[in-house]
K.L.:
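Here it is, the structure, as structure tokens.
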Amino acid sequence: MKILLLGSGGRESALAWKISQSPLTDALFIAPGNGGTDQYGTNVAIKPLDFEAVRKFTADNAIDMIVVGNEDPLVEGIYDYMKSQMPEVLVVGPSKAGAMLEGSKDFAKKFMTDMNIPTARYQSFTKETADEGCEFLGTLKAPYVLKADGLAAGKGVLIINDLEEARKSLREMLSGMFGGASATVVVEEYLSGIECSVFVLTDGNGGYRILPVAKDYKRIGEGDTGLNTGGMGAVSPVPFADAAFMEKVEERIIRPTIKGLLDAGITYRGFIFLGLINVESNPMVIEYNVRMGDPETEAVMLRVDSDLVELMKAAAEGNLGDLELRHSPMAAATVMMVSGGYPGSYPKGKAITGIENVTDSIVFHAGTARDAQGSLVTSGGRVLAASSLGKTLEEALAKSYASVGKINFDGAYFRRDIGRDVMA
Ligand code: AMP
Ligand code: GLY
């Protein structure tokens, strides 16, 4: 098959790495890719949101299957666009209606409420109902959780301790703090527990497979302190997400999610990401995403033993049949190297050295590029993801940290405590 993968981050590097290993893959293109994805295929200078350019490339190069890495094109409706233009091309991802699970938190909360899926108690408000929103906040206990309804580049969730401050922030959000994304705000109860990420591949006809479970580390600072980032590392498996916990996840969350999509007539042939929180051994949904996680994918792909292309093809065709998704019994750990200053402002164009000395990890590129001389330089906040397998999480982490120690760029930063909280 000829495959076009859309995206440019560490997640797409890991997907490209896995896709390139499949005997079914005849050619892989990554649009736009980054400074490392060309190890696995051909980078093409197309923006995933430029649907017409994606269509033209697909037609000109006889692409058989498009894998959509990030949420923006899905929320904008790339599935529907490609199906209307070239119905014979397989697209791994939900339709625009399905992508609402991530594109609208209000939609996602209503969906969960309808399907009786465990999630935090909530109400949604607009500018017209701001007073009621302030009243509702008064019925909740601190801290207060405010969520912009729409996509806000991962910044649309505020968690505030003081009631009056929360009321002020609610009004500010409704007045355009996140532009149109916060014209509606979900106010919800705060849940206390430890989070994990569960990924499901579904074929839109009731078939689904669960990928290895992972945990990511969102904050910039050790001990989960400081600002939120796109993710500083990940581990898989997650010790607390044992068989009993995963049974509850499947029974209470995955099956009703799949059924809810079917009942609503929503086309969804792709990955569902469940952001879960473990509240006293009971999984509850914090959020849905309609794609794989980043940096979870950089760990999870190392533990998928089956042919991912065969699985994605079957899902996109609407029939997973009896294909197996085998999980490796090994543990995987990813440590992210980021630019100094991230998630605030940071320099770009710093020379990266030492990757060639890494032997025990796979170094997935995220924010990297080639300069005019063809040398590898930084080009983003999250730069490289060192991912390793080990017999235990300890071993996998030790390998990733040893690899990070061999790589240099000016201002490089990484968290030294990835995985520590779950290993106890
Ligand atoms: P989101 O953008 O929905 O992933 O939210 C960002 C982060 O906010 C989540 O990963 C959680 O750590 C936290 N969060 C969101 N909703 C809640 C909640 N109801 N209770 C506690 N933490 C939450
Ligand atoms: N790691 C969280 C995300 O991909 O949204």
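Counting convention: from 1, in listed order, for ligands and their atoms alike.
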K.L.:
Identify whether the distance between the nearest side-chain nitrogen and carboxylate oxygen of E76 and K96 falls below 4.0 Å.
P.N.:
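No salt bridge links E76 with K96.
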K.L.:
Taking a 3.5 Å cut-off between nitrogen or oxygen atoms, can you list every pair linking ligand 1 to the protein, with distances?
P.N.:
{"residue": "ligand 1", "atom": "3 (O)", "partner": "K105", "partner atom": "NZ", "Å": "3.2"}
{"residue": "ligand 1", "atom": "3 (O)", "partner": "E287", "partner atom": "OE1", "Å": "3.2"}
{"residue": "ligand 1", "atom": "4 (O)", "partner": "E287", "partner atom": "OE1", "Å": "3.0"}
{"residue": "ligand 1", "atom": "4 (O)", "partner": "E287", "partner atom": "OE2", "Å": "2.7"}
{"residue": "ligand 1", "atom": "10 (O)", "partner": "E195", "partner atom": "OE1", "Å": "2.9"}
{"residue": "ligand 1", "atom": "10 (O)", "partner": "K218", "partner atom": "NZ", "Å": "3.4"}
{"residue": "ligand 1", "atom": "12 (O)", "partner": "E195", "partner atom": "OE1", "Å": "3.4"}
{"residue": "ligand 1", "atom": "12 (O)", "partner": "E195", "partner atom": "OE2", "Å": "2.4"}
{"residue": "ligand 1", "atom": "16 (N)", "partner": "K147", "partner atom": "NZ", "Å": "3.0"}
{"residue": "ligand 1", "atom": "16 (N)", "partner": "E188", "partner atom": "OE2", "Å": "3.4"}
{"residue": "ligand 1", "atom": "19 (N)", "partner": "E188", "partner atom": "OE2", "Å": "2.6"}
{"residue": "ligand 1", "atom": "19 (N)", "partner": "E189", "partner atom": "O", "Å": "3.0"}
{"residue": "ligand 1", "atom": "20 (N)", "partner": "L191", "partner atom": "N", "Å": "2.8"}

K.L.:
Would you please say whether a donor-acceptor pair under 3.5 Å links the side chains of D360 and S388?
P.N.:
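Judged by distance alone, the side chains do not pair up.
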K.L.:
Can you check whether Y288 and F273 have ring centres sitting under 6.0 Å from each other?
P.N.:
no
K.L.:
Classify the ring geometry between Y81 and F51 as parallel (under 30°), tilted (30 to 60°) or perpendicular (over 60°).
P.N.:
tilted
K.L.:
Report the relative orientation of the aromatic rings in W17 and F364; use parallel for angles under 30°, tilted for 30 to 60°, perpendicular for over 60°.
P.N.:
perpendicular
K.L.:
Run through ligand 2 for me and note each protein residue having a heavy atom under 4.0 Å from it, chain first, then residue number.
P.N.:
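Residues D216, F273, N289, R291, G293, D294, E296 each place a heavy atom under 4.0 Å from ligand 2, listed by chain and number.
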K.L.:
May I ask you to check whether S236 and R303 show a side-chain donor-acceptor distance below 3.5 Å?
P.N.:
yes
K.L.:
Y342 vs Y346 aromatic rings, parallel, tilted or perpendicular, using cut-offs 30° and 60°?
P.N.:
perpendicular
K.L.:
Over 60° means perpendicular and under 30° means parallel, so classify the ring planes of F136 and F125, tilted if in between.
P.N.:
tilted
K.L.:
Identify whether the distance between the nearest side-chain nitrogen and carboxylate oxygen of R291 and E71 falls below 4.0 Å.
P.N.:
yes
